[in-house]
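One structure is given below, encoded as structure tokens.
Model, not experiment: these values are computed from the prediction.
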Amino acid sequence: MVEAEAAVRMPVRGAKLVVVASMAALALIGLALRSFGVADSNGLASPSAEILAFVVGVWLPLFALVYAVSKRRHAGIAIAFCVGLSVNVLFLTHAVPAAALTDNSSIFTFANSSNFDPPRIDMEQHYSPTSSTATTCPGSAGYSWVCSWASDSFAAGRTLEAGTAQADLYLSNNPVPVLRSASNLIGGSNNVCTLTKPANLADGDVMLAACRFRGGTGTTVTSVPSGWSLVGSRVDNGTTISLVVYSHVVTTASSEPASYTWDLSGTVKYAPSLIVFSGIDSAAPVDADAGSATASGTSHDAPSVTTTVSSDALVTYHVTATCTNWTPPAGMTEHSDTTFCSQSAGSNVDMETSSMRLGAAGATGPLTATNADAADGVTKTIALRRSTAPMTCDLTVQVMKPVQHRSTDSNAAADTTSLVINTPGGVQDGDVMVATIGARWTTGFTITAPAGWTLVGSGTNGGCCTMSVYTKAASSEPANYTWTFSASTAAAGGISAYWNVDTVTTYDVQGGNASSGLNATTPVITTTQPAELLVASFMSAAIGTWTPPTGMTERFDRNASGALTASVEQADVIQTLAGAVSKTATITASSSGSTHIVALRSAAGAGYLGSATAQVTSPASATLVSVALPTAAVSFSTEDRLQLDVIAPNDQVNCAASLSYDSVTTPSRLTLATVVPEGIGSLLLLAPALPFAARWWKRRRP
């Protein structure tokens, strides 16, 4: 009996013990390499933390393994492995971000698709671009744009701790000449040529003012406004007609006079034009110019010029001593086509101004415009030199857990005193529902909402319509709701459900107004927080199809047709930055109507999480810019997503920016900050069980 008991308690010895210890050591080293490799690749662990984890999680347990082998203690081997496993799992837990529903990836790479939460672009995990050609957002580089990416969905219980995320963005900024304004001014008969200052001048703009007048060499310019310089020389076609073009660099826009006047030597027929560009070299704005007198005919060539830098702004002028409209040169955009035709044919005058952006430096070739009447003419070509000075564009990068759309239901009814709308499918307690109800309006007409719904505001048009918007926090919702009316009417409406909305203070600002015609524009509201959801509603007394405002997602578009008619639409979009906003929808049939817009507030722990500034300086191709995003702590519910926004400012002088992504050379991505990862924390439950498992296994041995 004693011998049997001793046999049961006999420890594992010799080669078997070495094998067990070796397996434990290799497993421990493998886990450590995984922990440090992932943490290091994501840049989320400090060197001091790595050194401490390496000592406590690798070296000490390995020394303990050696000691346990020397003492032939199998339980010691298990305990040593348990210590190493615990340390490495804890380290990995605080170094590896949680990914989404199915994996533990911390990196969300931008993909050229919109499957997760359209129209936002996808941020995919475990995605490596394979294309050699990058996609850009926006499609054309510029200023005052917003590009948004949405991650795949998270599982409930995942947590993003307060910390720092990193956005690796491939950005370019290549400002080129930008047309700011072009004036199509009326000519006349006078001894002055007067041009009015444009409304949107900015410091650094370059203006070109042209005046064509009858009289040719017999008419002279006797005075020029201060700060204006003649471009090249004036162009005359005998004593018939002349053209002068002057340039002016705006140094302080607020100090510019209200108008500019050129005095002429006598009263003649004239016609002016004014064109304004930004992004021009203010020290030497004119790269090349040439003028020419053209023979009588219907086709007139502006002469070729040879540019010295790429991406110049090319401007052409075509003038004839007649009264007709022009067809601009091929590839050019016509900005003004003015005539003065109130006199006899012998004193009429017309002029056309066009522009285009050039590519590589070199000769432009002649630029031909045509008109219907043969007459003598003058033409001029001017190439404005683009600015080659480095320009810095400050882009805003922000991460958020956005308000998200759950579902929508809608209905319409004619010749009725009530409207029944089903509760949107899948609504969960805590969702916020937004109902838009539009009905034809008569004197004393009222809409009565079902119990539990709170009126946000209305858009009322005394000539036709009333449209009211309501909210309700979902709680044990019935199958449907009924709105009633004080008189028989045509009504349409719908309910949209959202989550991550503040259920206490549901909305920030709202407003409604009357509208008419094909375009319906909401009043301007000014949001006070980033990441609010705009819900815009539009109603018309006509039967038509709505087109939602640019960038907004339409949730419903319903018509009611009977003795009275009504068309109602609802659409939404995230307002990334706080500020003033208004939205315009269009309908296919013109009539009177009403609009409404409301900004829903994000719930606590949702919405805006953090932002930073990404600076990109020109001239530059797509260059990696990494920005650290301080993030607030947030917990995720099922199907929550993260959204990353890149926002270009309204700065057309310094910004012609774009973001490249989804190519081998431009893998733009977001790496999350410290979080509790999925499937990793559960390994901690394994550690304390190992000694018991080892003891149980040991006792089973004969």
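Between the side chain of Ser592 and the backbone N or O of Gly463 there is no donor-acceptor pair closer than 3.5 Å. Of the possible polar contacts, none joining the Ser181 side chain to the Val276 backbone as a donor-acceptor pair under 3.5 Å is found. A donor-acceptor contact shorter than 3.5 Å is absent between the side chain of Ser418 and the backbone of Trp483. With hydrogens and angles ignored, the 3.5 Å screen pairs a side-chain donor or acceptor of Thr527 with a backbone N or O of Gly579. Under a 3.5 Å cut-off, the side chain of Asn371 and the backbone N or O of Thr324 do not form any donor-acceptor pair. A donor-acceptor pair under 3.5 Å is absent between the side-chain atoms of Asn480 and the main chain of Val420, judged by distance alone. Looking only at distances, a side-chain donor or acceptor of Gln398 sits under 3.5 Å from a matching main-chain atom of Thr576. Without hydrogens or angle criteria, Arg120 side chain to Gln643 main chain gives no donor-acceptor distance under 3.5 Å. Trp145 places a side-chain N or O within donor-acceptor distance of the main-chain N or O of Ala657, the cut-off being under 3.5 Å. Put simply, the side chain of Asp394 never gets that close to the backbone of Gln615: no donor and acceptor are under 3.5 Å apart.
Side chain to side chain, Thr553 and Asp572 fail the donor-acceptor criterion of an N or O pair below 3.5 Å. For the 3.5 Å distance criterion, the side chains of Ser355 and His335 qualify, holding a donor opposite an acceptor. No side-chain N or O of Asn422 forms a donor-acceptor pair with one of Asn411 less than 3.5 Å apart. At a cut-off of 3.5 Å, with distance as the only test, a side-chain donor of Ser113 or Asp122 sits close to an acceptor on the other residue. Residues Ser254 and Glu256 have side chains that never bring a donor and an acceptor to within less than 3.5 angstrom of each other. Judged by distance alone, the side chains of Trp499 and Asp640 do bring a donor and an acceptor atom under 3.5 Å apart. Using modelled atom types, one finds a donor on one side chain and an acceptor on the other under 3.5 Å when comparing Ser567 with Asn559. Between Ser153 and Arg641, the side chains place no donor N or O within less than 3.5 Å of an acceptor N or O (distance only, hydrogens not considered). Between the side chains of Glu569 and Ser537, no donor-acceptor pair is found at a separation under 3.5 Å. In summary, the side chains of Ser658 and Thr136 do not present any donor paired with an acceptor at a separation below 3.5 Å, with no hydrogens or angles considered.
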Donor-acceptor list for residues 602-612 side chains, cut-off 3.5 Å, not counting sequence neighbours:
{"from": "Ser602", "atom 1": "OG", "to": "Ala531", "atom 2": "O", "distance (Å)": "2.9"}
{"from": "Tyr608", "atom 1": "OH", "to": "Ser611", "atom 2": "N", "distance (Å)": "3.3"}
{"from": "Tyr608", "atom 1": "OH", "to": "Ser611", "atom 2": "OG", "distance (Å)": "2.8"}

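Checked options Thr521, Thr522, Asn461, Asn513; the residue passing with Thr595 is Asn513 (criterion: side chain to side chain donor-acceptor pair (under 3.5 Å)). Under the side chain to side chain donor-acceptor pair (under 3.5 Å) test applied with Gln570, the options Thr408, Asp557, Thr436 reduce to a single match, Thr436. Each of Val501, Val434, Val598 was evaluated against Thr506; a single residue qualifies, Val501, per the side chain to side chain contact (heavy atoms under 4.5 Å, CB included) test.
For Phe277, there are no ring-ring contact (aromatic ring centres under 6.0 Å, His included) partners two or more places apart in sequence or in a different chain. Annotation: ring-ring contact (aromatic ring centres under 6.0 Å, His included) contacts of Tyr170 (sequence neighbours excluded): none. For Asp409, the side chain to side chain donor-acceptor pair (under 3.5 Å) criterion is met by no residue, not counting sequence neighbours. Listed by chain and residue number, nothing satisfies the salt bridge (Lys or Arg N to Asp or Glu O under 4.0 Å) test with Asp651 (two or more places apart in sequence, or in another chain). Checked against side-chain contact (heavy atoms from CB on, under 4.5 Å), Ala134 has the following partners two or more places apart in sequence or in another chain: Ser660, Ser663, Thr666. Shown here are the ring-ring contact (aromatic ring centres under 6.0 Å, His included) partners of Phe556, two or more places apart in sequence or in another chain: there are none. For the salt bridge (Lys or Arg N to Asp or Glu O under 4.0 Å) test, no residue two or more places apart in sequence or in another chain qualifies with Lys583.
The heavy-atom pair separating Leu201 from Tyr260 by the smallest distance is CD1-OH, 4.2 Å. Residues Tyr498 and His405 come closest through the heavy atom pair CD2-CA, 3.6 Å.
Between Val568 and Phe538 there is no side-chain heavy-atom pair separated by less than 4.5 Å. Between Leu384 and Leu208, some side-chain heavy-atom pair lies under the 4.5 Å cut-off.
Sorted by first and then second residue, the salt bridge (Lys or Arg N to Asp or Glu O under 4.0 Å) pairs with a member in residues 466-490 read Lys472-Glu477; sequence neighbours excluded. Residue pairs meeting the salt bridge (Lys or Arg N to Asp or Glu O under 4.0 Å) criterion with at least one partner in residues 173-183, sequence neighbours excluded, are Arg180-Asp205. Screening residues 431-444 for salt bridge (Lys or Arg N to Asp or Glu O under 4.0 Å), with sequence neighbours left out, gives Arg406-Asp431. Legend: salt bridge (Lys or Arg N to Asp or Glu O under 4.0 Å) pairs involving residues 504-516, not counting sequence neighbours: none detected.
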